[in-house]
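These notes concern the structure reproduced below.
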Amino acid sequence: VTLVPQSGVRSELAALLGESKVTSEPAACAAFAVDGKSPACVVYPPSPEQVAALLRYAADHELAVLPCRNATKLDTGNPPQRYDIALSLKELNQVWHYEPADLTISVEPGMKFGDFQYFVARHRLWLPLDPRGGAKASLGGIVATNSAGPLRLRYGSPRDMVLGLKVATTEGKIIKTGGRVVKNVAGYDLGKLLVGSYGSLGVIVEASLKLFPLPAERATFILRAGTLATARDLRRRILHSPLDPLRLTLLDPWAATLVRAGSREPGEAREHEVWIEVGGSTRVIERCEQEVRDLGRAAGSPPQRLARTETGEAEKFWARIADPAAWLKDAYPDGVVLRTTLPIASTEEFLNRAQQEVESESVGLAGLAQVGTGMVTLCLLEPKRAREFSGLVLRLRRAAEDLGGALIVEHCPWEFKSGIEAWGSAGDHFEVMRRVKGVWDPKGILSPGRFLGGL
Amino acid sequence: MLYEYDALSSLRQPDAVVFPRSTEQTVQIVKLAARENLPLVPRGAGTGLSGGAVASQGGILVGFSRMKEILEIDIENQRARVQPGVVNLDLSLAVSDQGYYFAPDPSSQKACTIGGNVAENSGGPHTLAYGVTTNHVLGLEVVLPGGEVIHTGAKFWDRPGYDLTGLFVGSEGTLGIVTEITVRLSRKPEAVKTLLATYDRVLDATRTVAAVTARGITPAALEMMDGFTLRAVEQATHAGYPMDCGAVLLIEVEGMREAAEEQASEIEAVCKENQARAVRRAETDEERELLWKGRKNAFGAIGRISPSYYVQDGVIPRTRLPEMLEFIGEVEKRYGLPIGNIFHAGDGNLHPLIMFDARDKDQSQRVLKAAQEIIAKCVDMGGSITGEHGVGIEKNELMPLIFSADDLAMMHRLKEVFNPRGRFNPGKVLPIGKMCGELRVQVSAGGEV
């Protein structure tokens, strides 16, 4: 290992990537701060090969690298143990191999999700995801964090949509896994390791993805549920009905209020609400409406209908439901967002226990449950003091684990992070994961310490 | 002797065959093999088509026919927990009354096991809409070569950490031995419509495939058989396929009643625009089953008319099907061997069947060369060497066609994390550098896809 003084790193990186692709300006570096730590420099490699060259350089000099684009999800994870270089993937922004008739596309990681959706929408296609960060999220970040929101019910997560990846490794190579066709079992499915690895194994420099036809029309219905018991009844009825919803979310009373207001305004107190989005032709949507009406009547809840199109009011609300941290953090700067994954039958019970846990604390709770997939987001709105926060999170995590699930801290003020492991505890598979990390990143330079158990 | 074969025959027998009844017994076997430094090959029903379950280097063959319990059915959570020897179709039958099924449906589903499906990441006709095995597996219990037992994934999605489940699925038993599987159960659709479109020319059938996708319709299944194959099938199964046409498409759409109906009508229109001679709908469940029976037994039917055949599993972008069909026609002529075409057309997964007589040395050589040309063409088109049958010992030397030395080195290093001495299913998946001029494997009739 050759340890290079900070000033030396900057000039060596400039020699490697070009003068304009490296900066150590304090303001630029501060913009990439993670959990209170700023990098010594920010790099903007203009090609996959240069990403690989950068990683090789960083590995040779044991410099810690965090890959990122728009920083929409960097709040998730443990604080980095070390942080020398922010690797911005902004300049990797190309589309390759777009075949609308094959429903496949290959894209570089820096492309923004909003631009991507706009690009494929002209062929009435989409990547049916509602990831954290929404339009501002990047394709690379979405894949690296396996970010999926309510649409997961119908379409799955990035794990199900990635056909192949090109990955820059800390050895300075670009390796390929999978391919560009929709069915492929040649070789080990290394892509699965990268999806959801939060930048801890390698840097995705190209992703080949499956696309889907856009539904002709969409409609959202809202059913009121006085109690969690009614909500559970509704969930069972909906999932056993012929309806094949795109999204299905249970909002607790505070979440229902906040989603509508989009800010801190108290608004009118609401009940639990079940939101259902369906898609298809006019005829299909009419039939869905009838089904929802019948289900609601059977459970004692007449439905309310929201606007029909994707550009309408409903889409604004669904975006808030998909990423509460994005807008809550302005209204509640000390807010905490926890993401729980559970067996789906436990979702209502978990909301119930969470409510009980916060009752004795001076904390507001808004709960949003994707009841068809078991993903539950809890927003703790006034946690105030770090010590209280960590105790409460541990109790909520225990509640989730008792119900057969897991809880991660998706977003919290970084000062709170020292008291809690973001990902929870690992199981008997951890030693294997540690060895997998060792294969990809033997020097531990990629997002060091941020992933499960400090991987 | 019997365990010398799967649907792909090999040339070597295992030294011993064992049938554990539990994870604990599997651990004991694994430890014994470690002590004695013996290869270990897991095996389900032996329906695989790439030699994944044959002990090509001897050693202990671990059969899972006594680990066939469905351990848990949890309908409300849409999950089941099964032992690896559970037959694929048996799981679907067990939950059918409650309106659920297990989505991956390889054509051998009456015999093949879920453990085998996990090892091969099996597909099937309906994976077009619902994804292959990996999209339906959430968790595994795995015995590693040292005898350690680990649990990957969970009943819920996204257990924090690396997706080891996703790495194990499709690793063909080379990373660990799976002793328990947690799968997702899918809800049966309200309505299913099955259509049979017949064509004079195979070219028009392949054009229809791309046109259906381009219309924004995702059928649940979209299968193609050429005239040669369907005549063999019709003689064997009497499914009601017309004997005189150039190709048929078997298309299925499902979902809410209204949605299935609309899609079926649209597909009918697309077929007619592409010169379909006729489009018939299965009116009853019996009729639908009969149409599928013909498709699922196609390989057996070919076996009746040819002493041997070699089946391939290449994948191409589906829009290139017409071009590929033409190319296969040329290969057929050039090598003087009949080729039947039976495709999972909707996802571009080809199963050309090259017919030959294995007793004829010259024919055997020509088969290999013809097969190589077709695979090379798939790769040229941006495709893959295998869509669902796996690599095994059949295609491991073809891996360099689609992966660089660096790609393969990474796979090799990951394999070493789990299986450093290579005793688990040795000689499979990754190339071992022994390209030989003769058929390393000999394919006979009886396999199903």
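In this text, all values refer to a predicted model and were calculated from it rather than measured experimentally. Per chain, numbering begins at 1; letters A, B, ... match sequence-line order.
Proximity to chain A (any heavy atom under 4.5 Å) is restricted, for B:V429, to the side chain, taken from C-beta onward. Proximity to chain A involves both the backbone and the side chain of B:R318, based on heavy atoms less than 4.5 angstrom apart. Contact of B:A154 with chain A is not made at all, since no heavy-atom distance falls under 4.5 Å. Neither the backbone nor the side chain of B:R79 comes within less than 4.5 Å of any heavy atom of chain A. Residue contact with chain A, scored on non-hydrogen atoms closer than 4.5 Å, is absent for B:E416. Of the atoms belonging to A:R339, not a single heavy atom falls under 4.5 Å from chain B. Contact annotation for B:T134: both backbone and side-chain heavy atoms come within less than 4.5 Å of a heavy atom of chain A. Looking at A:E431, there are no atoms closer than 4.5 Å to chain B (heavy atoms on both sides), in backbone or side chain. Within the 4.5 angstrom heavy-atom criterion, only side-chain atoms of A:I408, from C-beta onward, approach chain B. For B:F168, no part lies near chain A; criterion is any non-hydrogen pair under 4.5 Å. Using a 4.5 Å cut-off between heavy atoms, A:T169 contacts chain B through its side chain alone, with no backbone atom that close. In this structure, chain B has no heavy atom under 4.5 Å from any part of A:P100. Residue contact with chain A, scored on non-hydrogen atoms closer than 4.5 Å, involves the backbone and the side chain of B:D158 alike. If you measure heavy-atom distances from A:L239 to chain B, the contacts under 4.5 Å come from both the backbone and the side chain. Only the side chain of B:L144 comes within contact range of chain A, with heavy atoms under 4.5 Å apart. With a 4.5 Å cut-off on non-hydrogen atoms, A:Y188 touches chain B through its backbone and its side chain both. For chain A, no part of B:V142 is nearby; none of its heavy atoms comes within less than 4.5 Å.
At a threshold of 4.0 Å, the pair A:R283-B:E258 does not count as salt-bridged, since none of the basic side-chain nitrogens sits closer than that to a carboxylate oxygen.
Residues of residues 402-410 of chain B lying under 4.5 angstrom from chain A, judged on non-hydrogen atoms, are B:I402, B:F403, B:D406, B:D407, B:M410 by number. Within residues 173-185 of chain A, the residues having any heavy atom under 4.5 Å from a heavy atom of chain B are, by residue number, A:K173, A:I174, A:I175, A:K176, A:T177, A:G178, A:R180, A:V181, A:V182, A:K183, A:N184, A:V185.
Using a 4.5 Å heavy-atom threshold, the side chains of A:E99 and B:R320 count as separate. Inter-residue side-chain proximity for B:V149 and A:D428 is flagged as unmet; no heavy-atom pair is nearer than 4.5 Å. The closest side-chain heavy-atom distance from B:I75 to A:H240 is below 4.5 Å.
Rounding to the nearest 0.5 angstrom, the gap separating the CG atom in A:L190 from the CE atom in B:M411 is 5.0 Å.
Here the closest heavy-atom approach between residue B:L414 and residue A:W440 is recorded as CD1-NE1, 3.8 Å. When all heavy atoms are compared, the tightest approach of A:R159 to B:T165 is NH2-C, 4.5 Å. Between A:C288 and B:M256, the shortest heavy-atom distance links the atoms SG-CE, 3.7 Å.
With chain A as partner, the option from B:E76, B:M399, B:E190, B:K155 having the largest number of non-hydrogen pairs under 4.5 angstrom is B:E76.
Judged by distance alone, the side chain of B:N77 and the main-chain N or O of A:I344 form a donor-acceptor pair under 3.5 Å.
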